[in-house]
Amino acid sequence: MRIAVVADGDGGGWLAELGEGAPTTPVAPVRRVGDLVAAVRAAEQAGSEPPRWVWADTEDLYPDLVRAGVRVARCHDAALTEALLLGYEARHSEPHSLGAAWARLHDLPVPDDPARPLGEGTAAQPALFEADRSTLPPGTDRLAALVEVHADQRRRIADLPEPGRMALLAAVESAGALAAVEMSHDGLPWRPDVHDQVLTEILGPRPRAGERPPVLADLAARIGEVVGHEVNPDSPAQVLKAMAWVGHPVESTRSWVLEAVDHPLVPLLLRYKELARLHSANGWAWLETWVRELPGEDGEPRLGRFQPDYVVGGVVSGRWATRGGGALQIPKSVRRAVRADPGWVLVRADAGQLEPRVLAAVSGDDALAAAAAEEDLYARLAVHVGDDRERAKIGMLAAMYGQTSGDAAPLLATMRRLYPRALEHVDAAARTGEGGGIVRSWLGRTSPAPVDWAATAAATDGDRRRRAHGRFTRNFVVQATAAEWALVLLAALRQELPKTPEGGGIVFFVHDEVVLHVPAQLAEETVRAIERAQTRTREILFGDTPVRFPLAVSVTECYADR
DNA sequence: AGGGTTTGCCAC
DNA sequence: AAACGTGGCAAACCCT
């Protein structure tokens, strides 16, 4: 059963039960409810199977439900689905909100998508569903508009050459939106005291605002001594001058460029850059901005939560982006601060070598699939290639990224001979991209067309951009399908996981790994659920492929432990 | 002073 | 060893 829902901005809303057939029309009179939370909770628990909620935008409705303690099993996110369908039609740049979709159906002026500023996610205070971001014209029957757009989207999906794939993509994209709100609400367990301890060990005691930590100040002073005058190591321009001044001019101050230079200044600069990065990106200021402390008992360790806003579909390839806090790039050095609450554990599931496995599955290359049936794909590749594992890996990555320089060329020739269908799959995608065409993932997510090359005057520059776009489409067919694998896994996990208390469940997701926070006594059951989800993911996406997608599952107290 | 761009590094 | 895909972010830099 599907239920379309809109909020009234005052805690209530309207519901319309929809038929499952296409076109989907209401099968019962519209129901007005005064307490939307209660109505959703009741519908979720009634009947043998929970409904699929049809709504304009998960980010508008679901955070309030989650805050109120309600979780739903399934939804159809009209905005995300519209974006997928527009993309399929090579119309990426068109607005995808409910209002925009409805306006197109009625040949009316299409409104821009609403901007979604930082901090609008679940960390914000309760809003009682007040925001109407649907961009529908004032006075429009919003429920009728939603029902109409949903029916249109289902028709457009049904009319595709492979409707099942796009239907699955829309479903897992929507499930991802649910998971994103839930994760953002729960947050990644983060110990402020441990983070502070890590910073103090590495940088010295916390300085006053605007000052360098002691270790950085000392390094800057020693750099100044070696050069003979004061240098701001944070300024690439000053570092370039300083290197020239000491007789070692360099083209840039990138660390691998500096590493090649033999001069006492270099280790000081490299050390400074490394520590300055930690201080500016994940230092005390970051901790205060992004980690919310939970109320706690005196004498107990302070517990915190890192609650980034996830942007589902925020990357063209279907990977998620995040807003604020740099959640997808938590450096290894501060992962010690990610610790389970007392009595709880972190269960981490990490997909190994996902992209080459995806390539094996989508290309149907028997030899690569045979390698991908193994736990360590690269080790098997090395046997095929007759080289060491590291070089086999470089060759594979070169094929998927379009690398041509370095020692990739001979490796690529070997790959092309051993895995002809796999290489042809990415080579064809690259040719399409170079020709200005679009490519699609396994489920139909579509690459955006290149930005107007004709506007580029110089032929050489145009050529460079054409090749760059070829590398993009080459990678897209793999990366976008890997993102789909991860979305299906998330959706399967939501179905398989045991019920956990508040603060438990999936708490972090980054491209090909998930972190769960569960009471220790649920650890075993959680691991079994992950294994079921993993198997289902492969079957749902690729049927009976020989390719395996191993998940390394570990149960730890700390994210830094493996 | 404030906005946009560049540089460089972090993650997968 | 360093040019090979997707991003976010902070500080310096450059312009108005």
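Computation of the quantities below employed the complete heavy-atom set of this structure, encompassing side-chain atoms and omitting hydrogens, waters and symmetry-equivalent molecules. A, B, ... follow the sequence lines: proteins, then strands. Residue 1 opens every chain.
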**Report entry** First of Asp234(A) and Gly325(A) reached from the 5' end of DNA chain C, by closest nucleotide
**Finding:**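 Looking at the nearest nucleotide for each, Gly325(A) comes out on the 5' side.
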
Query raised in the report: Please walk me through it: do Tyr310(A) and Val181(A) pass side chain to side chain contact (heavy atoms under 4.5 Å, CB included)?
Result: CA-CA 8 Å; Tyr310(A) 295 92; Val181(A) 169; over 6 Å; no

**Report entry** Heavy-atom neighbours of Arg421(A) CZ exceed 12 at 6.0 Å
**Finding:** no

Query raised in the report: Hey, is CD on Glu557(A) packed in by over 12 heavy atoms from elsewhere, all under 6.0 Å?
Result: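 Counting other residues, nucleotides and ligands, CD of Glu557(A) stays at 12 neighbours or fewer.
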
Query raised in the report: Asp376(A) and Gln353(A): side-chain donor and acceptor closer than 3.5 Å?
Result: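 Checked: Asp376(A)/Gln353(A) side chains pair up, N/O donor to acceptor below 3.5 Å.
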
Query raised in the report: Under 3.5 Å, is there a donor-acceptor pair between the Tyr272(A) and Arg222(A) side chains?
Result: no

For a quick check of understanding: with a heavy-atom distance under 4.0 Å over all strands, which category does [X] fall into, base, sugar-phosphate or nothing?
X: Asn232(A); value: sugar-phosphate
X: Val316(A); value: sugar-phosphate
X: Ala237(A); value: sugar-phosphate
X: Ser280(A); value: sugar-phosphate

Report task. Please state whether the phosphate of dA11(C), meaning OP1 or OP2, lies under 4.0 angstrom from any side-chain nitrogen or oxygen of Ser235(A). Result -> no

Query raised in the report: Now, which nucleotide makes the Watson-Crick or G-U wobble pair with dA3(C), with each of the two distances under 3.5 Å?
Result: none

Query - Complement of dT7(B), any strand, by Watson-Crick or G-U distances under 3.5 angstrom - result: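 Matched dT7(B) with dA10(C) under the 3.5 Å cut-off.
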
Query raised in the report: Going by heavy atoms closer than 4.0 Å, what residues in residues 190-224 of chain A are next to DNA chain B?
Result: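 Those residues whose heavy atoms fall under 4.0 Å from DNA chain B, taken from residues 190-224 of chain A, amount to none.
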
Query - nucleotides 7-12 of chain B: protein proximity per nucleotide (B base, S sugar-phosphate only, - neither; heavy atom, under 4.0 Å) - result: SBBBSB

Report task. Could you tell me whether Arg206(A) and Glu288(A) make a salt bridge, using a distance below 4.0 angstrom between a side-chain N and a carboxylate O? Result ->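 Answer for the salt bridge query: yes.
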
